[in-house]
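Shown next, in structure tokens, is the structure this report addresses.
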Amino acid sequence: MSAHIHKTHPIEGQKPGTSGLRKKTPVFMKPHYLENFVQAIFDTVGAAGKTFVLGGDGRYFNDRAAQVILKMAAANGAARVIVGRGAILSTPAASHLIRLNRTDGGIIMSASHNPGGPTEDFGVKFNMPNGGPAPEAVTEAIFARTRDIAEYRLWDGPDIDLDRLGEARLGDMAVTVVDPVADYATLMESLFDFDAIRAMVTAGFTMRFDAMCAVTGPYAHEILERRLGMAEGTVVQGTPLPDFGGHHPDPNPTWAHVLMDEMMGPDAPDFGAASDGDGDRNMIVGRGIYVSPSDSLAVLAANAHLAPAYRGGLKGVARSMPTSTAADRVAKALGIEAFETPTGWKFFGNLLDAGRCTICGEESFGTGSDHVREKDGLWAVLLWLNILAVRKQSVAAILRDHWKTYGRNYYSRHDFEALDARAAEEMMSRLKASIPTLPGTEIEGMSIAAADDFAYHDPVDGSVSRGQGVRIRFVDGSRIVLRLSGTGTEGATLRLYLERYEPDPARHAMDPQEALAPVIRAAHALAGIKEQIGRDRPNVIT
Ligand code: G1P
Ligand code: ZN
């Protein structure tokens, strides 16, 4: 057995997007495709003598890709790789292991909420020693390396048995196979008041957690059913499958409609939640009431002090730019800083590392804190449970109370998927070109106060990220944001984000789509969506 050097040539299109490199699985399975990208990672961050974490969400090709990555790590001189049993780790659990073991980073195999299977999606991303996704400077360097790569290193030898816990070896490299759940569950127990949640469960509180046949199944069984004593059957679709049972493992009202139906039905449990393919997203639903991710972030920020880990208060709150400004209102009331970052969790890393913020969130069903450097689905669920256990109120009561205090930010995101990429880009270019002419004008009876193409100036390292989405703010505080997705693998996806603020409690019970109707009309008129991309209706509304 030895390290072999294989000749290769650059492959087009290995540019990491919002969250790593994502492609159709058959593309990843093409000769040299995975190998080139992984070698580019090692060439960029260095592998000799280093320790890495490796795991993925268990989707199709996860197991074989893990063997390749291990053999490449060994051939590139890595000292040790810590792998989740069966090559499985949820994204937040991987982030935790990277930090807990003070490693030099980790490789996560996932395409998050995108479907999995032989013809669906696969992905690979590198996380830094702080446990967070590599920042743009690093992903750019990896991409640059993929463009002049000439060879990769691969250990020549049999596969490692990743189902057996404990130590194994690949030449000089140690492979440590760990239980994917144990350390993560211990971390959660250290953050939240499990006794209070258990008492609430004993008193009759009921919950449904939909793991969507994805990675959080084993985590949820262990934490919710075993450690918190919830009834067996609380967790549904709890066995991870390589194709997620043929579903779209994305926890939103469209894809998690079975859970939604149950929560809106006559026999709804007190609380419902779902998580995505790799376990970093969450959807929260109360009995008869859906909690939008933007509202969830604001409620968590306002109530976090009820959980032991956040008893001392929050240092600050950060949200991605398209996320509603509801969290900003909470930050203001708490007298702490509020940050607005571009879409993608990687932008929160510096703020968390610098101790400038404690809780962060995105409208795309992502919430998390400084306990790891990824968003964390089960963390959000447990913080909600902790809050419910202390406040002894329903989700609906807590939400209404929140709106009464802060006002309600009606919010929705409309996605237009699988668009012709050129048409979508042209629409965005035209919109961007029109920006200077917009302020002071009226559209569909709404007056525009400001418009820009969002650029983020990182307050910690001074880096600037431009072109992060078009923002249009109206005089009444309403907002429209348009950007193209950076995670899709087919054509382009237009994301249209809509927000309207309503201070009057008498008007807090409207259907968000109705409340937002004027804003929606203004957005369509401004961007000329129908004329430019040939669609007048979104495929997914969240
Ligand atoms: C989407 C979400 C974004 C999230 C990312 C990874 O990216 O919008 O908030 O961080 O997935 O989960 P997009 O496809 O919009 O680039
Ligand atoms: Zn995810």
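Worth knowing before you read on, the calculation uses all heavy atoms, side chains too, and leaves out hydrogens, waters and symmetry mates. Atoms within a ligand are numbered from 1 in the order they appear, just like the ligands themselves.
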Taking only heavy atoms of [X] into account, list the atoms of ligand 1 that are under 4.0 Å away from them.
X: T343; value: 3 (C), 8 (O), 9 (O)
X: G486; value: 13 (P), 14 (O), 16 (O)
X: R413; value: 8 (O)
X: R495; value: 8 (O), 13 (P), 14 (O), 15 (O)

- request: Name the orientation class of the two ring planes belonging to H248 and W255 (parallel below 30°, tilted from 30 to 60°, perpendicular beyond 60°).
  value: parallel
- request: Evaluate the ring planes of Y497 and Y411, with Trp represented by its six-membered ring, and classify them as parallel (under 30°), tilted (30 to 60°) or perpendicular (over 60°).
  value: tilted
- request: Using only heavy-atom distances, determine whether the side chains of N409 and R329 contain a donor-acceptor pair under 3.5 Å.
  value: yes
Main chain of [Y], side chain of [X]: is a donor-acceptor contact present, judged purely on distance under 3.5 Å?
X: E225; Y: T234; answer: yes
X: R500; Y: A515; answer: yes
X: R59; Y: N114; answer: yes
X: T358; Y: K315; answer: yes

task: May I have the step-by-step check of ring pair (Phe, Tyr, Trp, His ring centres under 6.0 Å) for Y60 and F122, ending in yes or no?
output: CA-CA 8 Å; Y60 185 83; F122 193 77; 8.8 Å; no
message: Check this for me: does any side-chain nitrogen of one of R319 and E362 sit under 4.0 Å from a carboxylate oxygen of the other?
response: no
message: Please determine whether a side-chain nitrogen of the Lys or Arg among R413 and D415 lies less than 4.0 Å from a carboxylate oxygen of the Asp or Glu.
response: yes
Considering only the protein, which heavy-atom contact is closest to [atom], and what is its distance?
atom: atom 6 (C) of ligand 1; result: K375 NZ, 3.5 Å
atom: atom 14 (O) of ligand 1; result: T487 OG1, 2.5 Å
atom: atom 10 (O) of ligand 1; result: E362 OE2, 2.7 Å
atom: atom 11 (O) of ligand 1; result: R281 NH2, 3.0 Å

T91 N/O/S atom closer than 2.8 Å to the Zn ion (ligand 2): no
D276 backbone or side-chain N/O/S under 2.8 Å from the Zn ion (ligand 2): yes
task: For ligand 1, indicate whether the residue S364 contacts it via side chain, backbone, both or neither (heavy-atom separation under 4.0 Å).
output: side chain
task: Under 4.0 Å, heavy atoms only, figure out whether ligand 1 is touched by the backbone of E374, its side chain, both or neither.
output: neither
message: Just to check, does K346 reach to within less than 4.0 Å of ligand 1 when the distance is taken from its heavy atoms?
response: no
- prompt: Does G344 come within less than 4.0 Å of ligand 1, judged by its heavy atoms?
  reply: yes
field: D280, any N or O under 3.5 Å of ligand 1 N or O
entry: no
message: For ligand 1, which is the ligand I care about here, please tell me if R22 has any N or O atom under 3.5 Å from one of the ligand's N or O atoms.
response: no
- request: Report, rounded to 10°, the angle at the Zn ion (ligand 2) between the two atoms OD1 (D278) and OD1 (D280).
  value: 90°
task: Name all residues meeting the salt bridge (Lys or Arg N to Asp or Glu O under 4.0 Å) criterion together with R471; count only those two or more places apart in sequence or in a different chain, and write none if there are none.
output: E340, D452
